[in-house]
Number of protein chains: 4
Amino acid sequence: MEWKTKITKVESNHLVTKGYRQEDLIGKIPFSHVVYLLLKDELPSDEHGQMMDAILTACVDHGVTPPTAMASRIVASGGVPLPTAVAAGVLSIGDAHGGAIEKGAKFLQEGVLRAQKENKNIDEIAEILVRESREKKQRILGFGHRVHTADPRTKKLFKLAETLGIASEHMALSKSIEKQLEKQTGKKLPINVDGAIAAISSDMGFDWRLGKAFFLIGRVAGLTAHVYEEQTQFKPMRKMFDADVEYDGPEEKNLP
Amino acid sequence: MEWKTKITKVESNHLVTKGYRQEDLIGKIPFSHVVYLLLKDELPSDEHGQMMDAILTACVDHGVTPPTAMASRIVASGGVPLPTAVAAGVLSIGDAHGGAIEKGAKFLQEGVLRAQKENKNIDEIAEILVRESREKKQRILGFGHRVHTADPRTKKLFKLAETLGIASEHMALSKSIEKQLEKQTGKKLPINVDGAIAAISSDMGFDWRLGKAFFLIGRVAGLTAHVYEEQTQFKPMRKMFDADVEYDGPEEKNLP
Amino acid sequence: MEWKTKITKVESNHLVTKGYRQEDLIGKIPFSHVVYLLLKDELPSDEHGQMMDAILTACVDHGVTPPTAMASRIVASGGVPLPTAVAAGVLSIGDAHGGAIEKGAKFLQEGVLRAQKENKNIDEIAEILVRESREKKQRILGFGHRVHTADPRTKKLFKLAETLGIASEHMALSKSIEKQLEKQTGKKLPINVDGAIAAISSDMGFDWRLGKAFFLIGRVAGLTAHVYEEQTQFKPMRKMFDADVEYDGPEEKNLP
Amino acid sequence: MEWKTKITKVESNHLVTKGYRQEDLIGKIPFSHVVYLLLKDELPSDEHGQMMDAILTACVDHGVTPPTAMASRIVASGGVPLPTAVAAGVLSIGDAHGGAIEKGAKFLQEGVLRAQKENKNIDEIAEILVRESREKKQRILGFGHRVHTADPRTKKLFKLAETLGIASEHMALSKSIEKQLEKQTGKKLPINVDGAIAAISSDMGFDWRLGKAFFLIGRVAGLTAHVYEEQTQFKPMRKMFDADVEYDGPEEKNLP
């Protein structure tokens, strides 16, 4: 029943996280680099550190309407402590909200491995992957957005990944898939911010199972701001929205 | 029913957070400074930015035994997605866990205001506050720790606050209370990391109602590492701990 | 570090809850009576059992707009497992949503004790309590509703409490406060369903700290139905509502 | 953007749930039957109603060690409101905890359909399913238990399902799989309480996607009792358990 952990050694007056004394990290290493250390077991290079900062900032907030922010604000409105309301927003991070990072990264990582194995180049494998997905009627995640046609976050993240020398095969595959989607479907489905983070984090060597983690850690900052605004600027149980709801259940009737 | 928000303006291909375009923030402004922007409505000075980084890093992790980490790992062990398990840890941030930042900051901020109003110096007000708390048998939060007698995080944070010129009345009051506690009770109750953050964030001008927010945003990084470790290194539903439990409810009996 | 519990004794092939073997409870004792047993350490009389059933049913659902249902549906919409989404709804049960049961019961229980101590009758103490609350500008919780002027649930619960011989001082005090509120303010603020449960559960001898528990246990059934409907009848990330939001934060500007 | 719901019609002073006025349901229909109504769109027969009661009661509690109870107690220990702590326990209901009801019911329902389609009897299909699962090295869920070899809840639920005339093909398949598991593996893997509920709820005609719902609704009662006991009998942040943890991360080192 012994339990091993690689995260933190706790002794009296002494805390060591992933090999480094916390008193050394505090004030010396930017928080975003500590996040990197926690998720990747090593401190980032300057380039990876800057990229990590960019990824977290890109996830920070998208206004009040996404499930994360809306869940946090509604729960805050019930009159609960700040962490309870922030946690409610985190709960909504799922396969359909933030999940494209995880599934997108998995798809890209498997695609790159397959290209190597089958001795194909990136454009060849992109053509195959898009065709197969269309045949199986499976959506490739990380492309298209409800609001943006040219997401400013995607553009900036990709440019940065290139400048920092991080852009590599996964990003190339992502861009090639974008072209194939347009070619094979006739529709423009631009890489969205989830797709961009999926590609870049894969080029940085992150496990796809951490896909939702980047979104979560960045978004928690925005959710905290939403809950604080709700708690300090609004009354509890205020009417937040109009929902156009119609009851179409069984007709009203007497008990049997 | 109109709803105003100061957080993010969302338009097609255009996102503005607290006045700044997200594409400008991404890759340029460290994530910790964006956190500051979200909670304080302005970008930090270099000094405040570095202090914010230090505060978030100081909250990152304290091993597997605190309620945050333990709740996250136990919930992860039930076989749920990463964000669900991280959120469970966030839920445990309450009056008794992380809460000393909020309540401590409130106490210090009210203390400093009272000193001004009653024309007392910091040491005089500290003596009064400790005496009154003892008379009312109310604990002053942010002093003493289960594991550490000289918390390495506290020491580092205080030193940094001094070096950066942030240390001011709230930190002075905190140190003066520490001395008074020893003088009036005969026991050493050193300022713990919660108390240190309470003092410093107050000196930085933060609302005490954000006390739990710093802990939450920092700790979420550590919780993510815990959930990831649990999901990738251990089997679901493993036995994690020994709980020495005895049933002392009603004697076993037949239904009436 | 020994830990005592009065809830369940767990041995191999043998489970005893509050004194009764689970195999004896299963199929013999209605679930609502088991809830009563868990919260009150004894099986209910027929009258208390029927009242418990009525209270739980009265909490079951109030459509899609309360924070509970809305939080659950929004979180479900992110693409998460059913329990994660149900839990999100539970998180919204707070001081402003369901909280009137807890605070209302505390108020009534303290009121009845004070009447006894100060040798006043119920109407005298009601007059005093309403007057004092108005002087302190404190709202008495459990009166008034956003939608209903004569909540059908309240009426039914009160009638039942009378028929079953449960109605006693707390219910009397609640009704007397309703009259005083109208007399002293000129406005009708009828007892709402939270107020009714506060009064009746107090007459049944329940601790006011369990106030939110009745609401929670009943409402979880409705939330489960909401999450199931969302997951089976709607697409993830659908647009659920119109929120009339305006950004009034800092003007758009360049980074310094 | 219109939104239809079959759950509750909300009008002023008028609430209709699945066709019935709430004032008619309250005090007349047992809560467990209302749960059935919410999940199955009709009131239960007497037999189904009694079975539903039994299923919910069978899920109520299993002491302090399962993830549900432990997560709730640990989160309660952080000093948070009762619903926040109960919700934390709900979050741990996942593929590995309670999930066997969902996956088990799916397996049984698909098995029965396949038997009909392939014109096989129950024992024949059981033999095939166990063999195939062993070949694919997939565990069949709902068999075996950490503590019980003859779970008293299973025995009672199965007996009741027979007495009430509910036991049918899914229960038969479940029992036949139990025999095949012993025959093909040589090991006894008795049907556990999750497996029993999977079988019986399938015989009652419930959608397997509701598998976790029964466990959740029943267990919430037990979790409420745990949180109440923790909040009223223990100090916040008490030491609850011994965890035998060893740090095996990177060696302690200086920053680069």
Side-chain angles (χ1 to χ4, degrees), chain B residues 1-11 14-30 33-34 37-38 40-46 49 75 78-88 90-91 241-256, chain C residues 1-11 14-30 33-34 37-38 40-46 49 75 78-88 90-91 241-256:
Chain B
M1 209 195 73
E2 196 177 278
W3 176 358
K4 295 183 181 192
T5 178
K6 291 189 194 313
I7 304 174
T8 299
K9 178 164 71 174
V10 180
E11 295 169 347
H14 192 59
L15 294 164
V16 176
T17 292
K18 297 279 181 187
Y20 298 107
R21 288 175 288 279
Q22 285 199 5
E23 69 235 58
D24 291 353
L25 296 170
I26 295 170
K28 200 83 181 214
I29 305 295
H33 297 211
V34 177
L37 172 67
L38 280 163
K40 207 144 176 291
D41 293 358
E42 58 184 7
L43 285 170
S45 65
D46 286 352
V75 168
V80 304
L82 182 139
T84 297
V86 171
V90 172
L91 292 180
F241 45 80
D242 268 323
D244 186 10
V245 181
E246 187 199 326
Y247 172 77
D248 71 337
E251 286 287 296
E252 191 173 335
K253 59 193 161 187
N254 296 321
L255 285 179
Chain C
M1 207 194 75
E2 195 177 280
W3 176 357
K4 294 182 182 194
T5 178
K6 291 189 193 315
I7 305 175
T8 298
K9 178 164 71 175
V10 179
E11 296 170 346
H14 190 59
L15 294 164
V16 176
T17 292
K18 297 280 183 186
Y20 298 106
R21 288 175 287 277
Q22 287 200 4
E23 69 234 60
D24 291 353
L25 296 170
I26 296 170
K28 199 82 182 216
I29 305 295
H33 296 211
V34 176
L37 171 67
L38 280 162
K40 210 148 175 288
D41 294 358
E42 57 184 6
L43 285 170
S45 65
D46 286 352
V75 168
V80 303
L82 182 139
T84 297
V86 171
V90 172
L91 292 179
F241 46 80
D242 267 323
D244 188 10
V245 181
E246 187 199 325
Y247 173 76
D248 71 337
E251 285 288 295
E252 190 173 336
K253 58 192 162 187
N254 295 321
L255 285 180

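Chain letters run A, B, ... following the sequence lines, proteins first, then strands; residues in each count from 1.
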Review point. Picking from B:Thr17, B:Thr8, B:Asp41, which has the most non-hydrogen pairs under 4.5 angstrom with chain C?
Key: B:Thr8

Practice item. Name all residues meeting the side chain to side chain donor-acceptor pair (under 3.5 Å) criterion together with B:Lys28; count only those two or more places apart in sequence or in a different chain, and write none if there are none. Key: none

Exercise for review: Write down the atom of C:Asp24, the atom of B:Leu255, and the distance for their closest heavy-atom approach.
Suggested key: O-CD1, 3.3 Å

**Study point:** Atom group of C:Glu251 that falls short of 4.5 Å from chain B, counting heavy atoms
**Key:** backbone

Point to revise | Qualifying residues under salt bridge (Lys or Arg N to Asp or Glu O under 4.0 Å), relative to C:Asp46, sequence neighbours excluded | key: none

Revision key, fill the gap. Rounded to the nearest 0.5 Å, the CD atom of C:Glu246 sits from the NZ atom of B:Lys9 at a distance of 10.5 Å

**Study point:** Ring-face cation contact, B:Tyr20 with C:Lys253, 6.0 Å cut, 45° max
**Key:** yes

**Study point:** Non-hydrogen side-chain atoms of B:Asn254 and C:Arg21 separated by less than 4.5 Å
**Key:** yes

**Study point:** Note, B:Val245 side chain near C:Trp3 side chain (heavy atom, < 4.5 Å)
**Key:** yes

Practice item. Counting only heavy atoms closer than 4.5 Å, note whether C:Val80 contacts chain B via side chain, backbone, both or neither. Key: neither

Review point. Can you say whether C:Ile7 sits under 4.5 Å from chain B via the side chain, the backbone, both, or neither, judging by heavy atoms?
Key: backbone

